[in-house]
Amino acid sequence: GSGFYVTPSKGDTIIKSLKITTAHNYPESDPMEISIYGTSDKVPHLGQGAYTFSAWIKPNDYSVAQMLFGQEAFGMHLGVRNGGRLHQAHWSSDWNGETYLDSYETDKKNEDWIHAVWTWDGSSQTGKIFLDGKIEFSGDIKNPDNSVGSLVIGNLFNGMPTKMGWNVPKGFYGLVDEISIWNRALNLDEIDALSKGKNPLSIESKESNLMGYYDFEEDDPLTLTDKS
């Protein structure tokens, strides 16, 4: 792997704390762990945040790799991939849901729309994928903050890797509705309620933690308002 050395200037040193701040550009993204040479100790990157991304989606073509949520650089990306399954990735830590969506039968009232949710709990390093309120995947996912850049809705990146010559998946192919973004991992009951049409603004909790809500109900097709 790549890295850098820090050599104490006054001989033997006891490290009580260590903070590394990286530049906001690739490839100098946040390290996933720090190795203290001479001790064999490895200090993990402490990603203690959490998220929930929820959306109703209706892809045109499930065979195409397509991301609904991404980052400006090389980080978190959530969408459809690997044979048409819901996909959760934190750049080198990638997982898929069980269901192949091209053969999935949706509820007739939903008219081929599906409800997709991705969650991550930093305290337990657990990522989860949900399809129409049912869990599709649960397992160990590395820290999502292993890169930099703002959230991107509708694509994997924000153009930078393309400029570097990367052949990356294009934007999301299809329709999207009712996007909600939270800074906590919603529980199963809350996710089930969203899949049954509950308004994200109605999710009851001591602290809502709803960071973004887009219902796509604007009269102007070029305007998208955050109603959180």
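Everything numeric in this text was worked out from a predicted model, so none of it was measured.
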How long is the gap from CG on Asn60 to CG on Leu175, to the nearest 0.5 Å? 6.0 Å
Provide the full list of salt bridge (Lys or Arg N to Asp or Glu O under 4.0 Å) pairs with a residue in residues 84-99, sequence neighbours left out, each pair given once. Arg81-Asp94
Looking only at heavy atoms, which two atoms of Gly212 and Asp226 are closest? And how far apart? CA-OD1, 3.5 Å
If you look at every heavy atom in Val80 and Met67, which pair is closest and at what distance? O-CE, 4.0 Å
Over 12 non-hydrogen atoms of neighbours within 6.0 angstrom of NZ in Lys198: yes
In Å and rounded to the nearest 0.5 Å, what is the CD1 to CG distance from Ile129 to Asn96? 6.5 Å
CD1 of Ile141 to CH2 of Trp95, rounded to nearest 0.5 Å, is 6.5 Å
Members sharing Tyr100's hydrophobic cluster, built from side-chain contacts under 4.5 Å between Ile, Leu, Val, Met, Phe, Trp and Tyr, are none
Tell me which pairs pass salt bridge (Lys or Arg N to Asp or Glu O under 4.0 Å) where either residue lies in residues 122-135, with sequence neighbours left out. none
Check for a donor-acceptor pair, side chain of Glu218 on one end and backbone N or O of Thr225 on the other, with a separation under 3.5 Å. yes
Can you name the nearest heavy-atom pair linking Glu136 to Leu131, along with the distance? CG-CB, 3.6 Å
Looking at CG of Leu78 and CG of Leu68, how far apart are the two atoms once the value is rounded to the nearest 0.5 Å? 8.0 Å
Residue list, ring-ring contact (aromatic ring centres under 6.0 Å, His included) with Phe53, at least two apart or on another chain: Tyr51, Phe69
Heavy-atom closest contact (Phe137 atom, Gly127 atom, distance): CE2-O, 3.5 Å
Evaluate the criterion side-chain contact (heavy atoms from CB on, under 4.5 Å) for residue pair Leu186 and Leu194; output intermediate values, then yes/no. CA-CA 10 Å; Leu186 298 188; Leu194 290 175; 3.7 Å; yes
Identified side chain to side chain contact (heavy atoms under 4.5 Å, CB included) partner of Trp113 from the options Thr106, Asp107, Asp177: Asp177
When rounded to the nearest 0.5 angstrom, what distance separates CD in Gln66 from NE2 in His87? 12.0 Å
Just jot down the ring-ring contact (aromatic ring centres under 6.0 Å, His included) partners of Trp56, sequence neighbours excluded, or say none. His115
Note: Ala185 and Thr119 closest approach over all heavy atoms is CB-CB, 4.1 Å
Quick one: closest heavy-atom pair of Leu188 and Gly133, and the distance? CD1-O, 3.6 Å
Side-chain heavy atoms of Trp120 within contact of Gln125, under 4.5 Å: yes
For Ser202, give me all partners under side-chain hydrogen bond (donor to acceptor under 3.5 Å, both in side chains), at least two apart in sequence or on another chain. none
What I want to check is whether the side chains of Tyr213 and Glu178 have a donor and an acceptor closer together than 3.5 Å. yes
